[in-house]
Amino acid sequence: MNAHLKYASQSVATPYFVFALILFAGQILFGLIMGLQYVVGDFLFPAIPFNVARMVHTNLLIVWLLFGFMGAAYYLIPEESETELYSPKLAWILFWVFAVAGALTILGYLLVPYAGLAKMTGNDLWPTMGREFLEQPFVTKVGIVVVALGFLFNLGMTVLKGRKTVVNMVMMTGLIGLAVMFLFSFVNPDNLVRDKFWWWWVVHLWVEGVWELIMGAILAFVLIKVTGVDREVIEKWLYVIIAMALITGIIGMGHHYFWIGTPGYWLWLGSVFSALEPLPFFAMVLFAFNMINRRRRQHPNKAAALWAMGTAVMAFLGAGVWGFLHTLAPVNYYTHGTQITAAHGHMAFYGAYAMIVMTIISYAMPRLRGIGEAPSNKSQVLEMWGFWLMTIAMVFITLFLTAAGVLQVWLQRIPEDAQAMSFMATQDQVAIFYWLRLAAGVMFLAGLVVYFVSFAYQRDGAAEALPAGDSANA
Amino acid sequence: MAETFTKGMARNIYYGGSMFFVLLLLGLAWHTEKVIPERSNDLQLTESVVRGKLVWEQNNCIGCHTLLGEGAYFAPELGNVFVRRGGEESFKAFFKGWMAAQPLNVPGRRAMPQFNLSETEVDDLAEFLKWTSQINTNDWPPNKEG
Ligand code: HEM
Ligand code: HEM
Ligand SMILES: [Fe+2]
């Protein structure tokens, strides 16, 4: 028995977290491959063409975040509901189904030419493949839906028989929304404009919609635990944050409907509403710092508190500031689809979603491993080194890509037809920034290694810490 | 936050606000769907264009290129390649030659794979790119370089 868990069934979160981190490592490896291909164009060609590396990089990202969200749900839903998980066995079965399906899909990308994979999996019958982020074969998409249904059923039954709190209801709403919006990945009209229009219902309504609910719920849960601040206060904040997220983010989707053939009123709607989208992220910063300042206890897991504050700040920078930078139509006219987009995509995904998953892992892992409320001091020091190395590296990646993007706009987009530099010539001009980005990427990898090493020392000396009664007062 | 602003009020704003904007989005989506055919020359959406879109997807062209500014940023924009590379007179000839010539094998240069497409597939792709270049994109991209 693990004395540090309130409910034994929370332990099914462990495989989800471990697998998420393994996939994270894979994601970074393929990021580095692409980083090199950006400057040494024929690196690994034709074994791993750029598009294949990119699919692996982005799909691993999405899948590891999904594993992270699922692990977070299996950990916090029983605790919030004050009851055991409805079926730990189902959670284990779904873990293996999702892990095997995910691994096979990635192997498919790497070992079979994409057109062959499309043929093998019957893409002609109901074409869904070959669209950014939604490259998965039809069977994999169906698998994701099946896993999501089983997962939601399991958690839904748990919440139904237990206590309903704002945190677990918001978490459930976010997760159901995630599954529902994914259904739009099966919508692929012949008309490219309609295809693009509905494609964003998955991508935008995920990251600037329902995923913010998931992020808010996880952040609220961890803050309740590490600060001991009254739940009423935290729940009010959570409602304010998610209200702002949906009020701005739903119509804010218009910032993707400027130049793809959709009507002109989106220029206004998209600009105005998306310009307000930084608000919920700013509220998360205030929320995290306020709660930590008003804390009623000194929680020994300092690393978890650092992740909680870090994710709020970095999400605000990446999504809020870098999002705002290019979200007004007159600006986006020039920056659309340049390295500025890539800069924003990186810091936003890392700051909001990669970091919120690492926040809950930081809080939960020592308990899941039966170590205590906090890992050893040495482990925390290493973890914080990992935090700073990865986060600073991501700041540099963002700055270098932004520099490349600004130059790209200047050379390629702003001049008239006759003076504008071609895409390929422009890329040569900005190569120095791609080299610098690659160096920052290596720094990111170093941070990831340090972060992984910190887990090896979690038990170090912390083992003597008394388990008695600790789980009760958390 | 001031005590006069209660949790209940925050919750009501959340429910009311999100409900309102979901409904607004559904209305706008309905209208947008209605005008897309006109803005995208739906009448010229031939079978060849539809097949071309499938070739585009099944070879994951979007993994390197942008199309109307969306996709990957490793290779040139193709939403206006029809205009950039000769238009009605010479695009098709250019495009056939281009697809056949890959990979260019210039050391160190970003490389595009050889997809071994049939003649019809190349022609369908060209039709798809031509159709795409005629979409009303509110005047994007700013110049022909995309
Ligand atoms: C955590 C939240 C967010 C994440 C993870 C995120 C991620 C991304 C990604 C990956 C893309 C590129 C999509 C593609 O490949 O075409 C993108 C595009 C964009 N994002 Fe965000 N984003 C977030 C929040 C925001 C916010 C709050 C704003 C506005 C304030 C914003 C504004 C934009 C704009 C304008 C584009 C289009 C760029 C272009 O025209 O090329 N994003 N975002
Ligand atoms: C070693 C670090 C990394 C390197 C060198 C790297 C490199 C790259 C490259 C070259 C691309 C393709 C850009 C293009 O289409 O031309 C890309 C895409 C992307 N990467 Fe990374 N990456 C790294 C880490 C990360 C991390 C940590 C995250 C998020 C947690 C991330 C999220 C993304 C996303 C969301 C995209 C798609 C962007 C878009 O569509 O705008 N990457 N990455
Ligand atoms: Fe968006």
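Fair warning: this is a prediction, and the values are worked out from it, not measured in the lab. Chain letters run A, B, ... following the sequence lines, proteins first and then strands; every chain starts at 1.
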> So does Leu43(B) have more than 12 non-hydrogen atoms from other groups sitting under 6.0 Å from CG?
Replying inline: no

If every non-hydrogen atom of [X] is compared with every non-hydrogen atom of [Y], which pair is closest and at what distance?
X: Trp201(A); Y: Leu26(B); result: CH2-CD2, 4.2 Å
X: Arg54(A); Y: Ala72(B); result: NE-CB, 3.2 Å
X: Trp259(A); Y: Trp140(B); result: CB-CB, 3.6 Å
X: Ile135(B); Y: Gly261(A); result: CG2-CA, 3.6 Å

For residues [X] and [Y], is any side-chain donor paired with an opposing acceptor at under 3.5 Å?
X: Asn123(A); Y: Glu57(B); answer: no
X: Asn143(B); Y: Asp417(A); answer: no
X: Thr32(B); Y: Tyr257(A); answer: no
X: Trp200(A); Y: Glu70(B); answer: yes

4.5 Å side-chain heavy-atom contact, [X] and [Y]:
X: Tyr265(A); Y: Leu28(B); value: yes
X: Trp198(A); Y: Glu33(B); value: yes
X: Thr6(B); Y: Lys236(A); value: no

Exam field: side chain [X] to backbone [Y], donor-acceptor pair closer than 3.5 Å:
X: Lys119(A); Y: Gln58(B); result: no
X: Asp42(A); Y: Gly108(B); result: yes
X: Lys196(A); Y: Leu67(B); result: yes
X: His336(A); Y: Leu68(B); result: yes

>> On the six-membered ring of Tyr38(A), is Arg110(B) placed so that its NZ or CZ lies under 6.0 angstrom from the centre and within 45° of the ring axis?
In response: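 Checked: cation-pi criterion met.
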
> Quick one: is the NZ or CZ of Arg84(B) closer than 6.0 Å to the six-membered ring centre of Phe423(A), and within 45° of its axis?
Replying inline: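 Because its charged atom misses either the 6.0 Å distance or the 45° angle limit, Arg84(B) does not stack over Phe423(A).
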
Is it the backbone or the side chain of [X] that comes under 4.5 Å from a heavy atom of chain B, or both, or neither?
X: Phe287(A); value: neither
X: Ile234(A); value: neither
X: Phe45(A); value: side chain
X: Leu401(A); value: neither
X: Pro263(A); value: both
X: Leu267(A); value: side chain
X: Leu238(A); value: neither
X: Pro189(A); value: backbone

> Between CG of Leu192(A) and OG of Ser40(B), what distance do you get to the nearest 0.5 Å?
Replying inline: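 One finds 9.0 Å between CG of Leu192(A) and OG of Ser40(B).
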
> Distance from Ile62(B) atom CD1 to Met129(A) atom CE, nearest 0.5 Å?
Replying inline: 14.5 Å

> Looking at Pro37(B), Gly17(B), Cys64(B), Gly79(B), which has the largest count of heavy-atom pairs under 4.5 Å with chain A?
Replying inline: Cys64(B)

Just give me the residue among [options] that pairs up with chain B most often, heavy atom to heavy atom, under 4.5 Å.
options: Glu135(A), Glu232(A), Gln408(A), Met244(A); result: Glu232(A)
options: Asp195(A), Thr262(A), Val40(A), Thr341(A); result: Thr262(A)
options: Val166(A), Ile247(A), Val52(A), Leu246(A); result: Ile247(A)
options: Asn191(A), Ile260(A), Ile251(A); result: Asn191(A)
options: Trp266(A), Trp199(A), Phe43(A); result: Trp266(A)
options: Asn188(A), Leu117(A), Thr58(A); result: Asn188(A)

>> If I measure from the heavy atoms of chain A, does Leu25(B) come under 4.5 Å with its side chain, its backbone, both, or neither?
In response: both

>> Ring-plane angle category for Phe273(A) and Phe21(B), please: parallel below 30°, perpendicular beyond 60°, tilted otherwise.
In response: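 Rings of Phe273(A) and Phe21(B): perpendicular, over 60°.
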
